[in-house]
Enquirer: 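Before anything else, here's the structure in question.
Chain naming here is simple, since letters A, B, ... match the order of the sequence lines and numbering starts at 1 in each. Keep in mind it's a predicted model, so treat the numbers as computed, not measured. The figures that follow rest on heavy atoms only: side chains count, while hydrogens, waters and symmetry mates do not.
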Amino acid sequence: MSTTEAPEVEAPAVIEFRSVSKWYGQVIGVNNLSLRIGKGVTGLLGPNGAGKSTLLQLATGQLRPSQGEVRVLGARPWNNAGLNRHIGLCPEQDAMFEWMTGRSFLRACGSLAGLGRRAAREAADRVLEQVKMTAAADRPVRGYSKGMRQRTKLAQALIHDPEVLFLDEPLTGTDPVARHELMELVAGLARQGRTILVSSHVLYEVQSLTSQIVLVNHGRLVAFGDVRQIRDLIDAHPHRIVLKGPDRRALAAKLVRWDDVEGVELPRDERAIVVETRAPDRFYQRLPRLAREADAPIEEIYSDDDSLEAVFKYLVNP
Amino acid sequence: MSPDAPPAPTPARPAAPPDLSNRPSLGALATVLRITIARQLRGKRIWLFMLMFAAPLAIALLVRRYDEPYDPAESERALIFGLIPQAILPLAALLFASSLVQDDVEEQTLTYFLIRPIPRWAIYLVKVLGATLVTSALAALFNAATLAAVRGGLPGEAPEALLTESGVLAGLSALALMAYISIFGLLGLFTRRVLVIGVGYILVFEGVVSNIPFLVRYGTILFHTRVLAIRRLGLDGGFASIDLDEAPAATTSLAALLGATALFLGLGAWLFSSREFRVKTPEGS
């Protein structure tokens, strides 16, 4: 994976952004972004305000690109009602028609999607089962918890059995059980041959769904490809390792002399120091000696770099 | 693949081209209508509507109870052909049309319409239809009730005549409401200040200009509605400064109302199809 080199074999793209920019007046939502996404699950990652929702709204025809071209299944989504037969969107916003029950909401969505009355009824029952909401289906949606609303929103995206799914922060607000179930469901949908683009600002959510990720920040594409390859990419960036002990000043005095240490910070936690290094393996090997030489015990060691969150931070804030 | 390099010109589609027919199903349109009506009938707006229409009804009852001698023709002119068409109908239309799209934008539910295989122009037209049906049905009820309060039970007053006049008034109200909703609906796509601008329009055009016997009144909804009412119900046009010898024929006024409605509906549908609606997201992303 690379941010600069193309893979050797290009799979046919189901979703394609060609030099797409989107401005909101003076504000840039998406900045000259090119991207091709094939079948399976792809994670769209970025901090809040990165442009993820703008990308999804462009891909679902809710917004028109200011520049460039968006293609989904080979067609331009803007003002293309026919394309909506083939795509489903689970929007980020929590809104639904609050006076409806979950079941009536889904039946209405089925009808809006062009299903006949009976087909909409059957589809509603099917997707309620899929998202495990059958038991609460006849309660008004205004009384639903955040997790139940997420499940219902996902269900409406599935109601017409679309080939392409856009899921905007679908796991936000869900409990661990729901999260696991929704992840299983998304994985199952991908195994059926669907194309699924899942946005999130939390890396660990997406890493459970897919290894194929797209990183965006400030409307720009930062990186995309396999998350393991992204790990290689971050070796170009300093790793931050946190050490905790009773005499952090003694530790810091020793560490600043090490060639492979790029910086030492003393955070508010009075027992901690944060070390930046580009050679983490070597650093870890030398730590026991450090503890002896500084005559200062190290009680706790942990690295942000063990979490994908840190990978993300490195890449969006290079 | 690269974020910076231009993408290779490989085919960007799966093996079979998808069916991209834009033709919406009748069921989908019926669902848009059902949701629109359900939304219109909920909330404070419907109560405000009833309050507005209850005013002439209450005035009619009070005048009939306390006015001596009671003149039903005077009450009818002032309320049925004055207050209701001149103020209450356009205000009611403004109330409902202003929220036609804005409610869905603010409540973030517009997405559920826009991501479906329904052309945007059809969504807009069905929404206008929904607002027109709700306001017309309620206006017909309140018009009939007010008419009954003015003339019902009087000596020599046949119930059949009241029913016939109620029917004519219902039709005329529906025509006027459809025209007003098409105007205010279009205005609502241009500006968030539709209520302020709409009230200004009602005061100046429908309130003042339509009553002045001058050419500009031909451009008002109220003038043509009154011409139709006067000709259809055989009224004397003096109360509205309308000289029947010079006033347009009923068909001309009908064509003017329908033409204006079609024009503003078309513009609204076009604008709804071509503009973006940014639904805010929780994190502003």
Enquirer: How long is the span from the CG atom in Leu63(A) to the CG atom in Leu114(B), to the nearest 0.5 Å?
Expert: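 One finds 10.0 Å between CG of Leu63(A) and CG of Leu114(B).
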Enquirer: Tell me whether Tyr144(A) at atom OH has more than 12 heavy atoms from other residues, nucleotides or ligands lying less than 6.0 Å away.
Expert: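 Yes, because the 6.0 Å sphere around OH of Tyr144(A) holds more than 12 heavy atoms from other groups.
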Enquirer: Please report the shortest heavy-atom distance between Ala95(A) and Tyr112(B), naming the atom on each side.
Expert: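 Closest approach of Ala95(A) to Tyr112(B), heavy atoms only: O-OH, 2.7 Å.
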Enquirer: Need one label for Gln156(A): side chain, backbone, both or neither, based on atoms under 4.5 Å from any heavy atom in chain B.
Expert: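 For Gln156(A), backbone and side chain are both near chain B.
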Enquirer: Any side-chain heavy atom of Asn84(A) sitting closer than 4.5 Å to one from Ile118(B)?
Expert: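 A side-chain contact is absent here, since even the closest heavy-atom pair is not under 4.5 Å.
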Enquirer: Using heavy atoms and a sub-4.5 Å threshold, report which of residues 263-274 of chain B line up against chain A, by residue number.
Expert: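 Ser273(B), Ser274(B) fall under the 4.5 Å cut-off.
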Enquirer: Is chain A contacted by the side chain of Arg39(B), its backbone, both, or neither, given a heavy-atom distance below 4.5 Å?
Expert: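 Its backbone and side chain both get close to chain A.
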Enquirer: Measure Phe105(A) against the heavy atoms of chain B and call it side chain, backbone, both or neither at under 4.5 Å.
Expert: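 Only the side chain of Phe105(A) comes within 4.5 Å of chain B.
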Enquirer: Please report the shortest heavy-atom distance between Ala113(A) and Pro117(B), naming the atom on each side.
Expert: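 Residues Ala113(A) and Pro117(B), closest heavy atoms: O-CG, 3.4 Å.
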Enquirer: Is Leu26(B) in contact with chain A via its backbone, its side chain, both, or neither, using a 4.5 Å heavy-atom distance?
Expert: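 Contact with chain A involves no heavy atom of Leu26(B) at all.
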Enquirer: Between Arg120(B) and Asn79(A), does the side-chain contact (heavy atoms from CB on, under 4.5 Å) criterion hold? Intermediate values first, please.
Expert: CA-CA 7 Å; Arg120(B) 289 179 170 217; Asn79(A) 227 346; 3.5 Å; yes
Enquirer: Assess whether side-chain contact (heavy atoms from CB on, under 4.5 Å) is satisfied between Arg116(B) and Arg85(A), documenting all intermediate values.
Expert: CA-CA 7 Å; Arg116(B) 303 301 177 194; Arg85(A) 291 179 210 284; over 6 Å; no
Enquirer: With rounding to the nearest 0.5 Å, note down the distance linking CD1 in Ile35(B) to CG in Leu112(A).
Expert: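 Between Ile35(B) CD1 and Leu112(A) CG, I get 4.5 Å after rounding to 0.5 Å.
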Enquirer: I need the residue from Gly27(B), Ser25(B), Ala28(B), Pro24(B) with the largest number of non-hydrogen atom pairs under 4.5 Å to chain A.
Expert: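 That would be Ala28(B).
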Enquirer: Of all the heavy-atom pairs spanning Pro119(B) and Ala81(A), show the shortest one and how long it is.
Expert: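 Closest heavy-atom pair between Pro119(B) and Ala81(A): N-CB, 3.7 Å.
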Enquirer: Does Phe190(B) CZ have over 12 foreign heavy atoms under 6.0 Å away?
Expert: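 At most 12 heavy atoms, drawn from other residues, nucleotides or ligands, come within 6.0 Å of this atom.
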Enquirer: Step through the shown structure and confirm whether more than 12 heavy atoms of other residues, nucleotides or ligands are within 6.0 Å of CZ on Arg192(B).
Expert: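 12 or below, so no.
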Enquirer: Of Lys22(A), Gln62(A), Gln57(A), which meets side chain to side chain contact (heavy atoms under 4.5 Å, CB included) against Glu276(B)?
Expert: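 In the set Lys22(A), Gln62(A), Gln57(A), the residue that makes a side chain to side chain contact (heavy atoms under 4.5 Å, CB included) with Glu276(B) is Lys22(A).
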Enquirer: Classify the angle between the aromatic ring planes of Phe97(A) and Phe113(B) as parallel (below 30°), tilted (30 to 60°) or perpendicular (above 60°).
Expert: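 Judged by the thresholds at 30° and 60°, the geometry between Phe97(A) and Phe113(B) is tilted.
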Enquirer: Taking atom CZ of Arg275(B) as the centre, report whether more than 12 heavy atoms of other residues, nucleotides or ligands fall under 6.0 Å from it.
Expert: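 Buried by this count: over 12 neighbours within 6.0 Å.
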Enquirer: Of the listed residues (Gly88(A), Pro77(A), Ala108(A), Ala157(A)), which shares the most heavy-atom pairs with chain B below a 4.5 Å separation?
Expert: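 Heavy-atom pair counts peak at Ala108(A).
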Enquirer: From Ile87(A) CD1 over to Ile115(B) CD1, what is the distance, rounded to the nearest 0.5 angstrom?
Expert: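 Answer rounded to 0.5 Å: 7.5 Å.
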